[in-house]
Enquirer: 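Quick one: structure below, then a few questions.
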Amino acid sequence: MSPRIRVALLALSGLILLPCAASVIAGLPAFGSKIALYGARINAITPEARHVANMVSAINFDLRGLDTLGEEFMLLAAITGTVVLLRGHRGEGLTGRAMRRPGRAVIPRSEATVLACRIAGPLTCLFGLYVVLHATVTPGGGFQGGVILASGTLLIYLGEGYSGWRDAIHSHWLDALEGGGALVFALCGLVPMLTGAAFMQNILPLGTLRDLFSGGLMLVENLGVAMAVTGGFTQLFLEFMEETRQAEEPDEPGEESA
Amino acid sequence: MTLAPAALLPLPVAIPLVICATLLATAHLLPGRIPDILALLAALAVAVLSAVIAVHAADGPLVYWFGGWEPRDGVHLGIGFSVDAASGWIAAFIGLLYALTFVFAWGFFDRTHGHFHILMLLFLAAMVGFCFTRDMFNLFVWFEVMSVAAFALTAYHLAESSLAGAINFTVVNSLAGFLMLGGIGLIYAQTGTLDYDGMAAAIAQTGRSPVVAGAFCLVAAALMIKGSIVPFQFWLADAHAVAPSPVSVIFSGSMVSLGLFGLAKVSAVVFGGSDQVQGALPVLLIGLGSATALLGGWMALLQRHLKRMLAFSTISHAGIMLTGLGALSAGGTGGMLVYVVGHGLVKGALFMIAGILLATQASIDEIALRGLGRGIWPAGIAMGLAGLLLCGLPIGILDQGTRLVQGGLSQQGHGIALAATAIGAALTGAAVLRAAGRIFLGLGPDPGDEAGAPSADEREKANRPLWLMLAPCCALLAVDVALPAGPIAHALPRAVSAFMRRPEAGMLAEGPGWLPWVSVAAALLGAGYGLFRKRLPAFVVRPVSASQSAPTRALEILHSGLIGDYAVWLAVGVAVIAAVLAMV
Amino acid sequence: MSVILPLLFLLTAISGSAVVLVRDPVRQVFAIAINGLVLTILFDALQAPDVALSELAVGSAAVPLLFLVALMAVRTQPPGAES
Amino acid sequence: MSAATNVLPYAVAAWLFGIGLYGIATSRNFIHLVGCLGVCQSATYVLLLGLGYRWGSIAPIFYDHPPGTPAVDPVMQALVLTDIVVGATLTALLLVLTVQAYKRGGSLNPEKLRPMRAGGKSGQSQGSSQVSDGGRQAS
């Protein structure tokens with residue numbers, strides 16, 4: 001199809017869909033008028049039933065924990081897929097050490113950049129840990145904290161340079177972290193079954209509301225998610241960065257010193 | 001609690017997940033064959049557990065509430081699994097298909113530290129979860145896990161066409177995911193719950209509502225994209241043709257039909273109480289299904305790249321399944337469920353034969369392979385048998401499914417759809433038989449239109465003995481032929497009534513007994529025409545080739561491989577569904 | 001309160017359209033990051049701090065970063081280098 | 001609250017999906033296309049959170065407010081969280097595919113980089129550039 005026919009056909013179907021969409025929107029409850037029964041019910045009973053303040057974490061790790069289990073493994077699938085697709089042509093053996101292109105000058109980073117990253121890196125990681133640990137009381141949790149932690153390791157890349165990063169972080173460890181986190185989560189489902197409870201039933205002591213250690217099994221699951229996400233996203237960044245190192249031609253100005 | 005059969009329900013999902021997390025965590029420590037062995041054991045465990053669950057579910061669906069969150073005061077708080085006999089048997093079939101695929105791929109992916117097995121096990125767990133769940137959003141989660149694993153597996157060869165095919169696949173199926181999520185949001189806002197039964201009860205009370213219709217439109221479009229129904233089918237040929245053959249076995253054997261399985265479940269269970277949806281379903285499913293069956297069959301006949309041919313044949317058979325669904329009767333739906341299993345077995349075997357040719361002859365092109373298959377004649381026999389089964393040879397479970405689908409259609413008076421199912425099956429059978437004749441018998445030195453079809457060189461690692469690859473292929477065909485028809489026919493009415501949540505019907509009607517034979521005869525005729533074109537008199541050949549060249553060219557232009565076109569067709573498809581829903 | 005939310009919704013529509021209409025991939029990365037930021041503010045205004053936090057981490061940091069790296073990889077790679 | 005405010009979020013969601021689809025249909029660069037796909041996805045975020053909102057309610061976190069205070073729908077937020085993960089994974093996978101396709105095909109234009117075509121570059125003539133699993137081992 002030529003682009004013009006394509007746009008015309010798209011416009012035509014848009015024209016058909018417009019009245020349909022309008023009638024659907026008109027049939028929906030007015031924005032901000034009410035919330036669904038399910039959500040209202042969860043807000044009503046969960047603080048008492050599970051002693052946690054953050055309802056979203058309660059849903060993610062307890063009421064609808066199975067969704068999060070699936071989501072965690074979706075992440076694992078995507079990252080495994082990325083690794084397979086990126087390493088496929090690179091060869092597995094080369095990933096263990098930094099690849100340095102001969103004839104490529106290592107541009108020294110400015111003192112200020114190094115210093116800034118050395119300060120910001122640990123601070124970011126600390127913030128990530130804070131977000132992870134306060135999953136059941138304040139906004140955030142394993143997923144958000146994990147992404148922040150992975151970004152913290154990226155700051156090491158900016159501060160210490162590529163080879164420093166590769167020295168600090170090994171691909172196998174990341175695999176172990178990612179797989180281990182997912183395994184912890186999956187076992188949180190299976191272990192309660194051994195005691196006769198249901199899959200992922202919250203059988204640990206629940207703690208007190210607004211306390212850091214409230215929520216029982218949710219804390220373990222949260223930790224598993226944090227491990228998997230940290231490992232996964234760091235692996236993702238690592239493999240992507242590796243991709244820019246494959247250049248046949250001399251370096252791109254600004255890449256090393258970025 | 002632990003002794004109750006319902007307590008088994010989480011295991012077929014959890015076992016593959018635990019094994020794949022373990023494989024990833026210890027990937028670099030494990031010696032070569034361990035991932036193969038673990039994956040095979042996991043798939044077998046899933047098959048056995050699902051079969052046990054299915055047997056226990058014969059008297060009524062088993063229900064399991066995760067986290068012990070049972071419904072309180074009529075509000076569904078957690079996620080539940082609900083397994084009826086049909087869902088359980090489908091999951092068992094999927095486990096078996098994976099187990100045989102792992103045998104087929106033994107040692108094929110040994111350089112990737114088990115990454116292939118990790119992706120495949122995730123794929124398996126997602127499929128089982130998709131079959132078992134009774135929660136709409138949970139269905140979406142498994143749908144996406146399935147998709148993400150599939151995207152990565154498609155591009156595994158890292159060749160140009162497999163990457164381009166994988167991109168098309170990813171973009172179209174991601175859009176499907178977004179549509180589905182949008183539909184889930186609408187239906188949740190309308191009903192205030194995510195549980196199938198809760199939604200069904202709320203929808204039945206609502207009456208005619210544009211929100212319900214809109215939600216169904218979005219969810220159905222998403223599942224039809226997965227099930228490769230016209231006009232959403234374009235991604236399938238691009239993706240299945242280029243994926244490694246063990247992956248294609250899974251794609252064609254179970255992923256596509258699972259999309260339709262999901263559609264069957266959602267439209268019968270969740271939207272069963274909506275008169276608007278139920279009124280639109282026959283028009284929509286019969287129409288689109290017939291078009292899909294014919295288009296897929298026709299395109300299959302025009303191919304020379306064997307995996308691409310099989311991909312189009314999968315499209316055609318998906319159309320046949322959809323018409324069965326469109327009969328909206330116990331017979332049609334039951335036939336479709338049986339058809340899913342039969343088609344998966346036969347199509348899986350055919351993709352394995354394609355993989356055998358790739359490994360032993362280093363080619364997948366029908367014309368380039370002419371006569372080269374003589375040395376591996378057992379594969380030729382298998383391919384001939386599979387071709388005959390595909391077009392309707394009246395033995396085995398695929399035939400049983402076909403008859404039930406056709407019975408459902410003729411009972412409801414859908415004559416055109418009945419013809420479409422017979423013609424679609426005949427066309428795909430003709431394509432496979434022609435290829436078998438050319439490759440294994442050396443017939444047909446002068447190709448017709450198929451010579452102009454796209455093709456690509458491809459090789460797969462030849463590190464496995466022929467018997468190891470042939471054994472799972474023959475096992476699939478043997479299962480298809482040997483599964484006893486009597487007990488299935490006996491158990492089916494009850495299983496279907498539990499699946500559709502409807503009162504039990506009597507014995508299910510079967511279609512006319514001569515119809516499959518017509519398909520077989522037509523397929524043989526078509527294959528013969530393709531192979532012996534030169535020897536036929538000109539007054540036969542000329543009108544045939546003249547009449548088919550124009551539509552052929554048009555169809556090739558439509559399957560442009562351009563993602564922009566596919567996005568537009570997606571919008572057109574959604575508009576068609578919406579228009580039909582609006583007019584009912 | 002009832003003015004801020006509609007404004008934010010309109011801003012989301014505009015920034016989303018900008019991502020589509022900016023055809024140059026390098027500039028598009030910035031549009032994506034801005035879109036992520038707008039979505040973050042919108043989510044926070046919709047009383048969804050959890051979602052806002054992940055959108056901030058993913059939508060306005062991680063995803064634009066991946067885009068940048070992909071662009072870098074494409075630019076440093078001479079076309080067809082592998083074949 | 002006016003009638004426009006009542007439907008605005010849903011209209012914005014429909015608009016975002018539509019314009020994202022338009023972008024995909026007309027895109028001439030795969031990386032740009034991936035960005036457009038992200039816009040389609042943001043439509044689902046806006047729709048879901050819009051449906052879960054209620055005027056005058058607090059966030060569903062009972063830390064500063066006692067349990068029982070009217071809060072917005074936490075289920076929608078949990079769904080959107082999952083959705084954001086889906087988005088990130090899809091983006092990463094698609095970008096990898098794009099970069100690899102660029103290396104093989106030498107272009108980011110969907111028109112030039114197609115799966116198996118009759119007259120296309122990846123037709124019969126391409127020969128040994130196809131990398132199979134066996135070929136991968138050798139390299």
Side-chain angles (χ1 to χ4, degrees), chain C residues 1-3 5-29 31-32 35-36 38-39 42-55 57-59 62-64 66-67 69-75 77-83, chain D residues 1 4-5 8-9 11-12 15-16 19-20 22-24 26-29 31-32 34-36 38-39 42-43 45-46 49-50 52-61 71-72 74 76-78 80-81 84-85 87-88 91-92 95-96 98-100 102-108 126 129 131:
Chain C
M1 194 59 204
S2 58
V3 187
L5 268 180
L7 276 181
L8 279 172
F9 275 115
L10 285 177
L11 200 59
T12 311
I14 293 167
S15 69
S17 311
V19 173
V20 172
L21 297 177
V22 175
R23 294 275 165 176
D24 174 33
V26 181
R27 286 201 207 127
Q28 197 205 21
V29 176
I32 290 171
N35 189 34
V38 171
L39 282 172
L42 174 72
F43 295 167
D44 200 55
L46 284 171
Q47 302 293 339
D50 280 270
V51 185
L53 193 57
S54 20
E55 180 63 26
V58 172
V63 164
L66 292 180
F67 270 92
V69 177
L71 280 172
M72 233 147 75
V74 167
R75 261 199 296 171
Q77 216 91 48
E82 293 291 315
S83 60
Chain D
M1 269 147 283
T5 320
L8 181 68
V12 167
W15 166 258
L16 284 175
I19 192 144
Y22 164 78
I24 292 172
T26 56
S27 182
R28 284 184 296 277
N29 183 311
I31 294 186
H32 173 261
V34 179
C36 295
V39 175
S42 64
Y45 307 157
V46 172
L49 286 182
Y53 185 72
R54 184 170 55 184
W55 293 108
S57 302
I58 60 158
I61 297 170
V72 300
M76 284 299 192
Q77 301 193 4
V80 176
L81 266 182
I84 288 179
V85 181
T91 308
L95 287 176
V96 171
T98 305
V99 169
Q100 294 287 29
Y102 175 77
K103 285 186 194 169
R104 303 294 181 299
S107 171
L108 283 173
Q126 212 180 358
S129 75
V131 180

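Keep in mind it's a predicted model, so treat the numbers as computed, not measured. Naming convention: chains lettered A, B, ... in sequence-line order (proteins, then strands); numbering from 1 in each chain.
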Enquirer: Check whether any side-chain heavy atom of T26(D) lies under 4.5 Å from a side-chain heavy atom of V20(C), and answer yes or no.
Expert: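 Sidechains of V20(C) and T26(D): no contact.
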
Enquirer: Quick one: does Q77(D)'s side chain have a donor or acceptor within less than 3.5 Å of a partner on Q47(C)'s backbone?
Expert: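 Pair found, side chain donor or acceptor close to backbone of Q47(C).
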
Enquirer: Measuring from atom CG of L5(C) to atom OG1 of T5(D), what distance do you get when rounded to the nearest 0.5 angstrom?
Expert: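 If I round to the nearest 0.5 Å, the distance is 10.0 Å.
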
Enquirer: Might you point out which heavy atoms bring L39(C) and S42(D) nearest each other, and give the distance in Å?
Expert: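 Smallest heavy-atom distance, with atoms named: CD1-CB, 3.8 Å.
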
Enquirer: Non-hydrogen atoms of chain D under 4.5 Å away: do they reach the side chain of A62(C), the backbone, both or neither?
Expert: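 It is neither, since no heavy atom gets under 4.5 Å.
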
Enquirer: Quick one: what part of I32(C) sits under 4.5 Å from any heavy atom of chain D, side chain, backbone, both or neither?
Expert: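 It is the side chain, since no backbone atom gets that close.
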
Enquirer: Between V29(C) and chain D, which part of the residue has a heavy atom less than 4.5 Å away: side chain, backbone, both or neither?
Expert: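 V29(C) has no heavy atom closer than 4.5 Å to chain D.
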
Enquirer: Between L42(C) and chain D, with a heavy-atom cut-off of 4.5 Å, which part of the residue counts as in contact: side chain, backbone, both or neither?
Expert: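 The answer is the side chain of L42(C).
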
Enquirer: Does any backbone or side-chain atom of L66(C) lie under 4.5 Å from a heavy atom of chain D? Answer side chain, backbone, both or neither.
Expert: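 Both backbone and side chain of L66(C) come within 4.5 Å of chain D.
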
Enquirer: With sequence neighbours excluded, what pairs up with R28(D) under the side chain to side chain donor-acceptor pair (under 3.5 Å) test?
Expert: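 Result, side chain to side chain donor-acceptor pair (under 3.5 Å) vs R28(D): none returned.
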
Enquirer: Check ring-ring contact (aromatic ring centres under 6.0 Å, His included) between F9(C) and all other residues, then give those that pass, not counting sequence neighbours.
Expert: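 For F9(C), the residues satisfying ring-ring contact (aromatic ring centres under 6.0 Å, His included) (neighbours in sequence not counted) are F31(A).
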
Enquirer: If you take all heavy atoms of L16(D) and G16(C), which pair is closest and at what distance?
Expert: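 Between these two residues, the closest heavy atoms are CD2-CA, 3.9 Å.
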
Enquirer: What part of E55(C) lies closer than 4.5 angstrom to a heavy atom of chain D: side chain, backbone, both or neither?
Expert: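 It is both, since atoms from each part get that close.
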
Enquirer: Distance from L71(C) atom CG to Y102(D) atom OH, nearest 0.5 Å?
Expert: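 So the gap between those two atoms works out to 10.5 Å.
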
Enquirer: So what's closer than 4.5 Å to chain D heavy atoms on V51(C): side chain, backbone, both or neither?
Expert: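 Backbone plus side chain of V51(C), per the 4.5 Å heavy-atom cut-off to chain D.
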
Enquirer: If you measure from CG on L95(D) to CZ on F67(C), what distance do you get to the nearest 0.5 Å?
Expert: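 Going from CG on L95(D) over to CZ on F67(C), the span is 5.0 Å.
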
Enquirer: From L21(C) CG over to Y22(D) OH, what is the distance, rounded to the nearest 0.5 angstrom?
Expert: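 Result: 7.0 Å between the selected atoms.
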
